[in-house]
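To start, the structure under review is shown below, and the notes come after it.
Values in this document were obtained by computation on a predicted structure and should not be read as measured data.
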Amino acid sequence: MTSHTDSYDLAVIGAGPAGTAAALRAAELGAKVAVLEASDRLGGTCVNTGCVPTRVLAKAARLMREVGAAREYGVVTHPEALDWAATVARVRERVDRVRAVKNEAGRFSDAGIDLVQEGRARFADPHTLVLDSGRRVHAASIIVAVGGHSRRLPIPGAELATVPEHVLELPSLPGRVAIIGAGNTGAQLATVFESFGAHVSVLDVAPRLLMASDADVSAAIAESFEGHGMTVRTGITGVDALEEGADGITLRWREDDRPVADSFDVVVMATGWPADVDDLGLEQAGIAIERSAIPVDAYFRSEVPHILAVGDATGRDMLVQAAQFEGEAAAENAVLGVNRRTPHHLLPAGGFTDPDYAGVGLTEDQARERDERCIVAVARYSDLERAVIDDRGVGFLKLIADNRRELILGAHAVGENAVEVIQSVTTAMAAGIDVATLAGVKFAYPTYSAIIGLAARQLLRG
């Protein structure tokens with residue numbers, strides 16, 4: 001152990017998307033920067049155990065579905081089967097490849113940023129961090145970008161459950177899967193396991209799937225799930241216990257306060273993502289944790305102004321794209337002493353289910369709360385030639401505009417390439433394009449993005 005102290009203008013705790021963006025922006029501004037990362041794997045949760053491996057699993061699930069439909073196109077296939085070990089190996093290989101492409105260590109080095117991987121960083125005082133190695137780091141400003149972790153429900157037998165980042169550690173494909181939690185992660189894993197041949201039950205105390213999404217998106221995905229043979233149980237009263245039994249894991253829950261039980265091979269808890277802020281010594285810096293996160297103002301400053309927090313650490317929008325925006329803004333606020341916010345209304349998000357879904361901006365309910373006269377138009381995939389060609393006619397694009405039909409307030413889609421479609425609408429919203437201009441855009445034929453033109457023209461007519 002050493003007691004050496006290094007001094008910096010800015011220390012960033014965590015090398016995920018938020019911390020990386022913050023460090024690189026601060027270095028661009030001329031600050032002397034250190035990044036303190038406890039793990040030996042850079043990139044954060046999304047790259048290593050979150051959205052990247054989930055997306056690779058979603059690709060495997062899509063291939064299973066496509067193989068099953070190949071005979072309709074005259075493609076003769078053998079009965080489809082999944083080699084779970086080979087799939088897991090492919091996922092891990094792709095994760096390593098993405099990490100290599102991102103190359104955070106090289107980018108830090110090129111920017112003159114010191115990357116320190118000597119264990120957990122903890123506050124000794126408001127300006128000093130102590131690492132597991134004993135090294136002390138002093139900084140004029142500190143940005144906490146530690147990410148988050150899966151949460152198990154505080155119920156008996158919770159240790160029997162699998163959390164999402166441990167799905168790849170399953171020794172074999174389960175035949176019966178219960179997924180507790182119907183948010184983005186739970187919905188995507190439900191699609192993956194169902195495509196791999198499992199019978200899937202989705203449970204949530206919320207009244208519907210994907211509560212953060214537009215209500216029509218939620219309804220469409222629930223209908224799709226049930227159409228694929230999944231059991232969807234939303235609005236349950238609570239989850240009581242998991243028990244190990246002769247027929248697998250017995251899950252006990254309540255519906256209308258009536259006890260219900262069923263047995264499963266695997267129970268996945270996708271039940272929250274608290275910030276990884278415990279054991280940071282925040283009390284030594286004068287910061288109190290609230291609801292498993294660091295409370296910050298609109299400029300990402302904590303109650304101790306030179307200590308900022310971004311990404312999952314704040315408990316707000318837990319998205320990579322949000323984290324990157326926040327990291328850059330926080331770096332500018334810390335180094336320049338300015339007050340920069342982030343445009344959270346322009347953060348597209350979605351999931352790779354079957355079909356996909358995505359959204360940006362206000363949901364219809366949110367828009368009508370602000371102005372009941374807002375205009376809503378819905379274009380159906382069944383009217384889109386490309387969707388008909390590909391036999392992917394399930395879905396829609398909803399556009400929401402102000403009552404003068406000028407600004408697009410929100411966009412929500414279910415269907416093939418929904419995330420890419422919404423990304424295109426996001427670009428239009430960011431550019432301030434009015435509805436008439438969007439309606440006049442010529443889209444290549446036949447493409448999925450052409451549905452944007454269909455919806456925009458409906459807005460003008462509506």
Side-chain angles (χ1 to χ4, degrees), residues 50-51 53-55 57-58 60-62 64-65 150-153 155 157-158 160-168 170 173-242 248-256 258-273 318 349-359 394-395 414 418:
C51 45
T54 298
R55 183 66 192 94
L57 285 173
R62 164 58 68 88
M64 288 291 288
R65 296 194 297 270
S150 289
R151 181 180 75 95
R152 295 176 189 269
L153 295 175
I155 59 174
L160 299 174
T162 300
V163 292
E165 57 262 44
H166 295 163
V167 163
L168 293 177
L170 294 174
L173 271 177
R176 303 164 301 168
V177 179
I179 297 179
I180 305 173
N184 293 329
T185 299
Q188 291 179 104
L189 288 176
T191 294
V192 166
F193 280 117
E194 186 278 328
S195 297
F196 290 170
H199 177 74
V200 177
S201 295
V202 181
L203 301 88
D204 202 314
V205 295
R208 59 180 173 88
L209 301 177
L210 303 171
M211 278 297 294
S213 296
D214 185 88
D216 285 342
V217 169
S218 171
I221 296 300
E223 182 180 357
S224 172
F225 278 10
E226 291 172 341
H228 283 94
M230 297 189 210
T231 300
V232 177
R233 300 179 184 274
T234 52
I236 66 173
T237 312
V239 179
D240 294 328
L242 279 72
I249 299 172
T250 299
L251 173 61
R252 300 188 182 279
W253 71 94
R254 282 166 286 122
E255 296 180 11
D256 296 325
R258 177 177 58 88
V260 183
D262 203 351
S263 295
F264 302 92
D265 301 311
V266 168
V267 176
V268 178
M269 281 189 181
T271 49
W273 190 256
M318 296 185 177
F352 302 103
T353 49
D354 181 23
D356 298 340
Y357 69 91
V394 174
V414 170

Can you confirm whether T185 sits close enough to T54 that some side-chain heavy atom of one is under 4.5 Å from a side-chain heavy atom of the other? no
Would you call S150 and M269 a side-chain contact if the rule is heavy atoms closer than 4.5 Å? no
With side-chain contact (heavy atoms from CB on, under 4.5 Å) as the test, would you mind laying out the steps for L57 and F196 before giving the verdict? CA-CA 10 Å; L57 285 173; F196 290 170; 4.2 Å; yes
Please tell me if the side chains of N184 and Y357 come closer than 4.5 Å, counting only heavy atoms from C-beta onward. yes
Quick check for you: to the nearest 0.5 Å, what is the distance between L189 atom CG and I179 atom CD1? 5.5 Å
For E223, look at atom CD and say whether over 12 heavy atoms of other residues, nucleotides or ligands are found less than 6.0 Å away. no
Side chains of F193 and P174: closer than 4.5 Å at any heavy-atom pair? yes
Is it true that the NZ or CZ of R55 lies under 6.0 Å from the centre of F352's six-membered ring and within 45 degrees of the ring axis? yes
Note, D262 side chain near W253 side chain (heavy atom, < 4.5 Å): yes
Taking C-beta and beyond as the side chain, do T231 and H199 meet within less than 4.5 Å on heavy atoms? yes
Verify side-chain contact (heavy atoms from CB on, under 4.5 Å) between V202 and E194, making sure each step is shown before the conclusion. CA-CA 11 Å; V202 181; E194 186 278 328; over 6 Å; no
Kindly give the heavy-atom pair with the smallest separation between I249 and D265, and that separation in Å. CD1-O, 4.0 Å
In Å and rounded to the nearest 0.5 Å, what is the CG to CD1 distance from L153 to I180? 5.5 Å
What is the minimum heavy-atom distance between A187 and T353, and which atoms define it? O-CG2, 3.6 Å
Check whether any side-chain N or O of T271 sits under 3.5 Å from a backbone N or O of R151 as a donor-acceptor pair, and report yes or no. yes
To check you understand the geometry: which heavy-atom pair defines the closest contact between A418 and A358, and what is its length? O-CB, 3.7 Å
Candidates V177, T162, V268 - the one meeting side-chain contact (heavy atoms from CB on, under 4.5 Å) with L170: T162
For R252 and A261, the nearest pair of non-hydrogen atoms, with its separation, is NH1-CB, 3.6 Å
Closest non-hydrogen atoms of P355 and I221, given as atom of the first, atom of the second and distance, are O-CD1, 3.5 Å
With rounding to the nearest 0.5 Å, note down the distance linking OG in S213 to CZ in R208. 7.0 Å
Point-to-point distance, once rounded to the nearest 0.5 Å, from CE of M64 to OG of S195: 8.0 Å
For D214 and D216, indicate whether the former's side chain and the latter's backbone hold a donor-acceptor pair under 3.5 Å. yes
So, the side chain of R152 versus the backbone of A161: is there a donor-acceptor pair under 3.5 Å, distance only? yes
Looking at CD1 of I236 and CZ of R254, how far apart are the two atoms once the value is rounded to the nearest 0.5 Å? 8.5 Å
State, with a plain yes or no, whether a side-chain heavy atom of L168 is found less than 4.5 Å away from one of H166. no
What's the spacing between L160 CG and L251 CG if we round to 0.5 Å? 10.5 Å
Kindly give the heavy-atom pair with the smallest separation between A222 and L209, and that separation in Å. CA-CD1, 3.4 Å
